[in-house]
Amino acid sequence: MAVQSWSDLLKASTKTALIHDGKRKIHYLFTDGKEMAEEYDLTTDELIVRKWRSKSTLKGQGPWEIEVGEPVPSTVGCLESDVIKENCSNPVFMRKDTKTSFLWRVRNLPYPKEVYNISVEPDQRCCIIRTNNKKYYKKFNVPDLDRSQLPMDSSALNFTHANNTLIVSYKKPKEILTLEHELLREVKKLKGTNEEDVDCKTQ
């Protein structure tokens with residue numbers, strides 16, 4: 001029922017499509033005023049970016065919050081070269097999915113694979129990355145499962161490590177795969193305009 005409810009919210013939203021630079025950009029405006037923007041690769045249909053924006057308590061709109069895709073780099077203190085160097089060595093956590101799995105990457109983690117312990121915490125509705133050397137700790141949820149109120153499954157979790165990057169994957173349940181397939185089919189029906197023809201809210 002929850003999956004159907006999220007599906008109904010998506011169907012009821014006002015959608016705008018934009019085709020630009022090899023990407024299909026979709027903007028969703030929900031009845032409660034929230035906005036969601038997605039970008040898909042035109043060739044592979046893979047999701048590149050998903051971000052959310054809510055109405056601010058003041059007049060106007062709040063900032064975009066990235067759910068999937070490269071994090072927006074902070075410009076604070078970037079005039080100092082030593083600050084830039086320090087920031088470049090800090091772990092960078094981001095999500096980049098495949099068609100069959102939710103995927104998170106943590107760059108700048110040089111420790112070998114045996115150092116990491118990744119677990120699913122069903123009661124807290126989250127996953128946790130720990131290291132036995134106490135150098136890194138990260139708790140994160142899977143919004144897709146939360147929106148559809150689907151249970152978390154430890155057997156769906158896997159991870160690997162290569163090139164100073166920890167890669168954590170969570171196999172998408174069949175309910176999510178079905179929902180994503182139906183959504184992609186719907187957004188492909190939208191008449192996409194060129195960037196020059198519309199002031200797209202995803203920009």
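Worth knowing before you read on, the calculation uses all heavy atoms, side chains too, and leaves out hydrogens, waters and symmetry mates.
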How close do [X] and [Y] get, counting heavy atoms only, and between which atoms?
X    : Y    : answer
Y136 : V106 : OH-CG1, 3.5 Å
C127 : L157 : SG-CD1, 4.3 Å
P110 : N164 : CA-OD1, 3.3 Å
L29  : E35  : CD1-CG, 3.8 Å
V187 : L184 : CG2-O, 3.2 Å
Y28  : L183 : OH-CD1, 3.8 Å

Any donor-acceptor pair under 3.5 Å from [X] side chain to [Y] backbone:
X    : Y    : value
H161 : Y111 : yes
K99  : T44  : yes
D32  : K34  : yes
T178 : E175 : no

First locate atom [atom1] of [X], then atom [atom2] of [Y], and finally report the distance between them rounded to the nearest 0.5 Å.
X    : Y    : atom1 : atom2 : result
K172 : T100 : NZ    : OG1   : 7.0 Å
I129 : L109 : CD1   : CG    : 7.5 Å
L47  : R95  : CG    : CZ    : 7.5 Å
E38  : I48  : CD    : CD1   : 11.0 Å
K189 : K15  : NZ    : NZ    : 11.0 Å
K188 : L42  : NZ    : CG    : 9.0 Å

Quick check: do [X] and [Y] have side-chain heavy atoms less than 4.5 Å from each other?
X    : Y    : answer
H20  : K25  : yes
P173 : D153 : no
N158 : Y170 : no
V142 : M152 : yes
H27  : L18  : no
V115 : N132 : yes
Q124 : K139 : yes
R125 : L145 : yes

When you group the ILVMFWY residues by side-chain heavy-atom contacts below 4.5 Å and let the links chain together, are [Y] and [X] in the same group?
X    : Y   : answer
V49  : V92 : no
I26  : W6  : yes
L190 : F30 : yes

Does [atom1] belonging to [X] count more than 12 external heavy atoms closer than 6.0 Å?
X    : atom1 : result
N133 : CG    : yes
E65  : CD    : no
K113 : NZ    : yes

Can you tell me how the ring of [X] sits relative to the ring of [Y], calling it parallel under 30°, perpendicular over 60° and tilted otherwise?
X    : Y    : result
Y116 : F159 : perpendicular
F93  : F140 : tilted
W104 : F102 : tilted

Take E70 and R107, measure what salt bridge (Lys or Arg N to Asp or Glu O under 4.0 Å) needs, and give me the verdict at the end. CA-CA 12 Å; E70 287 278 355; R107 295 196 292 260; 3.4 Å; yes
Using the side chain to side chain contact (heavy atoms under 4.5 Å, CB included) rule, take M36 and L10 through it: C-alpha gap first, then chi angles, then the decisive distance, then the call. CA-CA 10 Å; M36 181 175 77; L10 286 170; 3.8 Å; yes
Of the options K96, K51, R147, R53, which is the one that meets E67 in a salt bridge (charged side-chain N to carboxylate O under 4.0 Å, His left out)?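 Looking at K96, K51, R147, R53, the match for E67 under the salt bridge (charged side-chain N to carboxylate O under 4.0 Å, His left out) is R147.
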Which hydrophobic side chains are connected to I167, either touching it within the sub-4.5 Å cutoff or through other members that do?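 Members besides I167, by chain and number: L103.
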Verdict with reasoning, S119 to R130, per side chain to side chain contact (heavy atoms under 4.5 Å, CB included): CA-CA 8 Å; S119 62; R130 299 179 177 89; 3.2 Å; yes
Determine, stepwise, if the pair R50 / D97 fulfils salt bridge (Lys or Arg N to Asp or Glu O under 4.0 Å). CA-CA 10 Å; R50 179 187 292 138; D97 294 352; 5.2 Å; no
